[in-house]
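Letters A, B, ... are given to chains in the order of the sequence lines, protein chains preceding strands, and every chain is numbered from 1.
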Amino acid sequence: MPELPEVETVRRMLEAHVVGRTVRAVRLSGLALREPVSRGLARGIRGRSIRGMSRLGKFLIFELDEGLTLLSHLGMSGRWLFSDGERVEPLPHVHARIGFADGSTLRFQDPRRFGLLRLVRAERLARDRAIASLGPDPIASPPTGESLRARARGLTASVKSFLLDQKKIAGIGNIYASEILFRAHVDPRRRAGALKGAEWDAIAAEISAVLNEAIARSGTTFSMYRTLWNEPGEYGDQLRVYDRAREPCRTCGTPIRRIVQGQRSTYFCPRCQSRKAAPTG
DNA sequence: ATCCTATCCTGTAGGC
DNA sequence: TGCCTACAGGATAGGA
């Protein structure tokens with residue numbers, strides 16, 4: 001569900017509201033997420049204070065004292081929700097409830113349980129199996145056309161699946177992959193290894209533009225995603241193609257097409273994203 | 001190595 | 001109203 005802009009929105013809010021707080025109590029649901037949540041996790045973070053919040057691709061990293069980090073992934077339906085007051089309204093599907101010493105509460109809610117909570121020693125984080133395989137983060141290191149072209153050399157899979165591959169570049173998901181390719185005027189069905197330098201240049205520029213614009217609007221709420229305050233993101237009305245099958249292209253009026261690639265929906269304009277179209281930039 | 005499929009899980013929307 | 005199917009922002013294991 002949440003892609004880089006949504007995760008970055010949550011990171012910024014956590015940085016503003018939970019950094020500096022000390023964990024007093026932890027309650028776990030006991031249900032497995034993507035992997036079982038270790039019993040040692042509750043013990044490990046109790047008494048720790050949160051020193052910082054970082055992000056790599058779609059992973060959130062709570063930097064704790066004592067050389068510990070809490071690695072978190074929202075999967076398809078995960079949310080971190082913060083409550084400042086005394087009263088915390090009951091919610092279903094809460095898998096971790098962190099009570100702070102000052103009485104505030106942070107909860108991890110995840111109905112589909114594809115998320116991840118893992119306690120990792122800070123010095124081992126870069127070698128953690130979830131983190132070690134990630135490609136570069138496009139906010140920390142903005143991609144260049146040449147860097148993308150080098151990573152795609154020889155690949156026969158589609159450019160859409162290339163953008164979704166977290167080993168190639170970390171943080172892009174199904175919504176922004178379609179949006180980026182539309183704005184770069186590239187057909188999502190093209191083989192990644194066959195794109196020209198100018199096409200990679202356009203894709204690199206649109207990766208940065210789309211992600212930064214979405215961050216500025218607190219991300220996209222398609223259905224489940226919410227910010228730390230349970231508010232929706234505001235990028236939804238900026239979407240050019242995602243979830244717009246049969247609706248007119250905002251540029252040329254041609255009906256937007258939906259196709260399936262790797263069991264995921266892809267949306268594109270068959271006219272603006274064809275090689276015959278004259279890109280207008 | 002790369003590519004593709006199936007799988008994990010719950011909620012929701014739409015057709016009948 | 002209920003029942004059914006399809007689909008949903010993700011990652012990964014396993015086989016070709």
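Residues satisfying the side-chain hydrogen bond (donor to acceptor under 3.5 Å, both in side chains) test with A:Gln109, not counting sequence neighbours, are A:Arg79. Judged as a salt bridge (Lys or Arg N to Asp or Glu O under 4.0 Å), and not counting sequence neighbours, the contacts of A:Glu199 are A:Arg190. In terms of the salt bridge (Lys or Arg N to Asp or Glu O under 4.0 Å) criterion, residue partners of A:Arg12 (sequence neighbours excluded) are, by chain and number, A:Glu8. Remark: A:Phe100 engages no residue in a ring pair (Phe, Tyr, Trp, His ring centres under 6.0 Å) (not counting sequence neighbours). A:Arg129 meets the salt bridge (Lys or Arg N to Asp or Glu O under 4.0 Å) test with A:Glu35; sequence neighbours excluded. Every residue two or more places apart in sequence or in another chain that forms a side-chain hydrogen bond (donor to acceptor under 3.5 Å, both in side chains) with A:Ser147 is listed here: A:Thr144. When the side-chain hydrogen bond (donor to acceptor under 3.5 Å, both in side chains) test is applied to A:Ser161, the partners found at least two apart in sequence or on another chain are A:Ser158. A:Glu66 pairs by the salt bridge (Lys or Arg N to Asp or Glu O under 4.0 Å) definition with A:Arg48, not counting sequence neighbours.
Distance, A:Phe222 CZ to C:dC7 C1': 9 Å, rounded to whole Å. Look at CG on A:Asp165: it is 13 Å from C1' on C:dG10, rounded to the nearest Å. Distance CG (A:Leu117) to P (C:dG10): 18 Å, rounded to an integer number of Å. Atom CG in A:Leu116 sits roughly 11 Å away from atom P in C:dA11 (whole-Å rounding). Straight-line distance from the OH atom of A:Tyr225 to the C1' atom of C:dG10: 16 Å, rounded to whole Å. Summarising the geometry, the separation between CG on A:Leu4 and C1' on C:dG10 is reported as 14 Å, rounded to the nearest angstrom. Across the protein-nucleic acid pair, A:Leu164 atom CG and C:dA11 atom C1' stand 11 Å apart, rounded to whole Å. To the nearest angstrom, P of C:dA11 lies 10 Å from CG of A:Leu74.
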Review point. Dot-bracket for DNA chain B, 5' to 3', counting Watson-Crick or G-U wobble pairs under 3.5 Å, with [ ] for crossing pairs and | for inter-strand pairs?
Key: .|||||||.|||||||

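Residue contacts for A:Tyr176: at a heavy-atom cut-off of 4.0 Å it reaches no nucleic acid atom on any strand shown. Using a 4.0 Å heavy-atom cutoff across all strands shown, A:Leu155 reaches sugar-phosphate atoms only and no base atom. Contacts of A:Gln166 with the nucleic acid, taken as non-hydrogen atoms under 4.0 Å apart, involve only primed sugar atoms and P, OP1 or OP2. Residue A:Ser161 is out of contact with every strand shown, counting any heavy-atom pair closer than 4.0 Å. If you check every strand for non-hydrogen atoms under 4.0 Å, A:Gly262 touches nothing.
Bounding nucleotides for the chain A contact on DNA chain B, 5' to 3', at a heavy-atom distance below 4.0 Å, are B:dT2 to B:dG11.
A salt bridge links A:Asp137 with A:Arg55; the closest basic N to acidic carboxylate O contact falls under 4.0 Å. Ion pairing of A:Arg118 with A:Asp128 is present here, as a side-chain N (NZ or NE/NH1/NH2) and a carboxylate O approach within less than 4.0 Å. With respect to the salt-bridge test (charged N to carboxylate O, under 4.0 angstrom), the residues A:Glu234 and A:Arg217 do not qualify.
Both A:Pro111 and A:Ala157 lie near DNA chain B, and the one whose nearest nucleotide falls closer to the 5' end is A:Ala157.
Of the candidate nucleotides C:dA8, C:dA11, C:dG10, C:dG10 has the atom nearest to the side chain of A:Arg264.
Between C:dA11 and A:His73, a contact under 4.0 Å exists linking OP1 or OP2 to a side-chain N or O.
Listed by first then second residue, pairs satisfying salt bridge (charged side-chain N to carboxylate O under 4.0 Å, His left out) with a partner in residues 13-33 of chain A read A:Arg11-A:Glu15, A:Arg21-A:Asp102, not counting sequence neighbours.
For the segment residues 133-149 of chain A, no residue has any heavy atom less than 4.0 angstrom from an atom of DNA chain B.
When the P atom is compared between B:dC9 and C:dC3, the two are found 23 Å apart, to the nearest whole Å.
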